[in-house]
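All chains are named by letter (A, B, ...) in the order of the sequence lines, taking the proteins before the strands, and each is independently numbered beginning at 1.
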2 protein chains.
Amino acid sequence: MTETASRPTLEAVAARAGVSRATVSRVVNGGEGVRETLVERVRRAVDELGYVPNQAARSLVTRRHDAVAVVIAEPETRVFADPFFALQLRGISKELTAHDSQLVLLLTEGREDYARVGRYLAGGHVDGALVFSLHLDDPLPGLIHGAGVPTVFGGRPGWSDGTRVNGPTVYVDSDNRGGARDAVRHLVGLGRTRIAHITGPLDQTSAVDRLDGFRDVMVDADPRLIAESDFTPAGGERAMRELLDRCPELDAVFAANDLSASGALRVLRERRRVPEDVAVVGFDDMLPVTEQTDPPLTTVRQDIEEMGRLMARILLRGLEQRGRDERGSMGGAPSSVVLPTTLVRRASA
Amino acid sequence: MTETASRPTLEAVAARAGVSRATVSRVVNGGEGVRETLVERVRRAVDELGYVPNQAARSLVTRRHDAVAVVIAEPETRVFADPFFALQLRGISKELTAHDSQLVLLLTEGREDYARVGRYLAGGHVDGALVFSLHLDDPLPGLIHGAGVPTVFGGRPGWSDGTRVNGPTVYVDSDNRGGARDAVRHLVGLGRTRIAHITGPLDQTSAVDRLDGFRDVMVDADPRLIAESDFTPAGGERAMRELLDRCPELDAVFAANDLSASGALRVLRERRRVPEDVAVVGFDDMLPVTEQTDPPLTTVRQDIEEMGRLMARILLRGLEQRGRDERGSMGGAPSSVVLPTTLVRRASA
DNA sequence: CGCCACCTTGAGAGCGCTCCCACCCACGGA
DNA sequence: TCCGTGGGTGGGAGCGCTCTCAAGGTGGCG
């Protein structure tokens, strides 16, 4: 804890450089249309005084904040057990930094917090928002729409009745369905015929999409070969036991994520040989998990950091646009992006 | 991406409620010294108009931001592989939320980013900072001190020459040394005599402290029983192999964290029985790791979320103090806190 | 009945900045 | 020589809020 010195103002710099506030302001903001000698002089004054613009004063007039909120709506502890968000945050952070924007992190603990988030966003503290981890029928998109803040979602928001609440929604997502298809096709290509699926929590579109991808390939899959789970290792164990009970003859498992695959693998190791008897494929390619399972896990890679970066990029581009044409030319409304996935072969399948 | 409506101002609320701006301001900020009937009236006007105070305008005059920066200075990818930060963030977030403060996240990628962080902090955008993951001789504390921002560190900062750069530094840390002692004593209590230690990266005070704790108990430990590592599972594997080579007769291992313990365990499983031949203790009690190793890992628990919460609490308290006595009464300068750890017995030792 | 004290309210200044607009000063062409 | 043009500069308003201070109203007490 140390003392804050009172910081120099534009006025002070102007006085020192012997020019007006307006000129200093121009220099500080790029120096367009100011004689080179003056620019020099002002720059020197800025350095000497250690001047740093007061962001509050600036925002007050520009109505820009150079800040973006990142909303992580995930009450469950699970989130913190996997590096998913950390990676996305990292991608976001990099992109925002490159655009001199700040990252305001809003973590919610259950839906009671939604009101707070809504209030904050409506309060015009940030230029835009990046929102994660929505569940089916989540009220957050509606809330955010109400707040009137430009937003990009991480993962496709979904509603159980298939409608969109309002307006177009921009999101960045992985090609979960396509990736799942690739995974299952790979198993088929290995000659497996009794392929099981351990799902994620089906109130998340990513889990639903992966299940759909599974079904795309296994068109009339025996329902006993599908076990609902929750993306956790423990859940994966449970589901795997269930599957083995119901269908001892299964010869492959596609788990909706690496974590649940690792749980499944633990169970399988006691009763089967992997991949000889049962081949296993995961999803995500979370390195610390996939490389250290026994055997190493074949999985579907998605570039999580890139997703984060892309979300930020799309949002910032939208904000720029919006700033440029004062009265919304419908020109380049940003649209959603679905990133491709790739199958990563390791030993488990 | 949606449109921002122009938001109502204090003025508008005042007009609607038929009072002055000053009165509305009073009500919005707690309503002290305003007649109850007026408070009512203003509150209603606020609701009807959906008024939300403009933070920029407010900060401009109060010089407070109700925002705290969280600086995570960790270039290595490793960070994102363990839930450590996520948990701390969560604790911090909870505490800040309870005090209506926002969390501005500053992630750095290597030291090139330090200047940016320094500039940001010096820019007076936030009321204080919480800083993590310092390494030995890290320039960040100096930078931050220069910026004059009240700061609480996560983990004890350290300098190789044993000095502090300047002024008193406030930090929150676990009792790494004491926890390590407990772990090793537990192994001794189990009758183990040839106890090895897998260290963390020794440019971090936590790793050094744990090593010191190990040495406190194993006063003249054979240096061959100490293997330097890096807190990762892979590093743990490597170190374990090294130890087994050098000292095949070892009968216990204290790993500086759970991740490296899990790596060690993987190696041990192939060559020894755990815990019969070799007992293993970790550190952190990272549930997703400790509960799923084979066998489940005995470890030293630290309450990471609580550390985060405490850091925030100390910082906020300091800020309050500081606000109260305009000219720093030396009264209650906040001081560092070291949290106790507890040994959690599972099957590995 | 008058005076003083206290509580509530409003007026107004000003936080530090941006941005519009008017001004000044070369210039160049008529 | 005079006026028009245009780039460079400064003046000043105002963003939305807080906070000081003075004005007004009320009650208690002499």
* Answer yes or no: does a side-chain N or O of A:Ser25 lie under 4.0 Å from OP1 or OP2 of C:dT18? => yes
* Measure from CD on B:Gln55 to P on C:dG16 and round the result to the nearest Å. => 17 Å
* With distance as the sole criterion, do the side chain of B:Arg21 and the base of D:dT18 form a donor-acceptor contact below 3.5 Å? -> yes
* Examine the base of C:dG16 for any acceptor or donor lying under 3.5 Å from a partner atom in the side chain of B:Arg63, and report the outcome as yes or no. => no
* To do: Grab the CG-P distance between B:Asn29 and C:dT9 for me, whole Å please.
  => 16 Å
* Structure fact -> Considering only heavy side-chain atoms of A:Leu38, the closest of D:dT9, D:dC17, D:dG14 is D:dT9
* Using whole Å, report how far CG of B:Asn54 lies from P of D:dG14. => 18 Å
* Sub-3.5 Å donor-acceptor pair from the side chain of A:Arg64 to the main-chain atoms of A:Asp127, do we have one? -> no
* Can you find a side chain N or O atom of A:Thr23 that sits less than 4.0 Å from OP1 or OP2 on D:dT9? -> no
* Structure fact -> Smallest heavy-atom separation, B:Ala56 atom then A:Leu60 atom, equals CB-N, 4.0 Å
* Asked: Quick one: A:Arg35 CZ to C:dC24 P, roughly how many Å, whole number?
  -> 17 Å
* Structure fact -> Whole-Å distance, A:Leu60 CG to D:dA13 C1', equals 13 Å
* Side chain B:His65, main chain B:Ser59, donor-acceptor under 3.5 Å -> no
* **d(CZ, B:Arg7; P, D:dG16) in whole Å** => 9 Å
* Mind calculating the distance between CG (B:Leu10) and P (C:dA11) to the nearest angstrom? => 14 Å
* Counting only heavy atoms not in A:Glu32, do more than 12 sit closer than 6.0 Å to its CD atom? -> no
* Asked: Is the phosphate of D:dG10, meaning OP1 or OP2, less than 4.0 Å from a side-chain N or O of A:Ser20?
  -> yes
* Is B:Arg21 salt-bridged to B:Glu11, going by a charged N under 4.0 Å from an acidic O? -> yes
* Asked: Over how many whole Å does the gap from B:Arg26 atom CZ to D:dT18 atom C1' extend?
  -> 10 Å
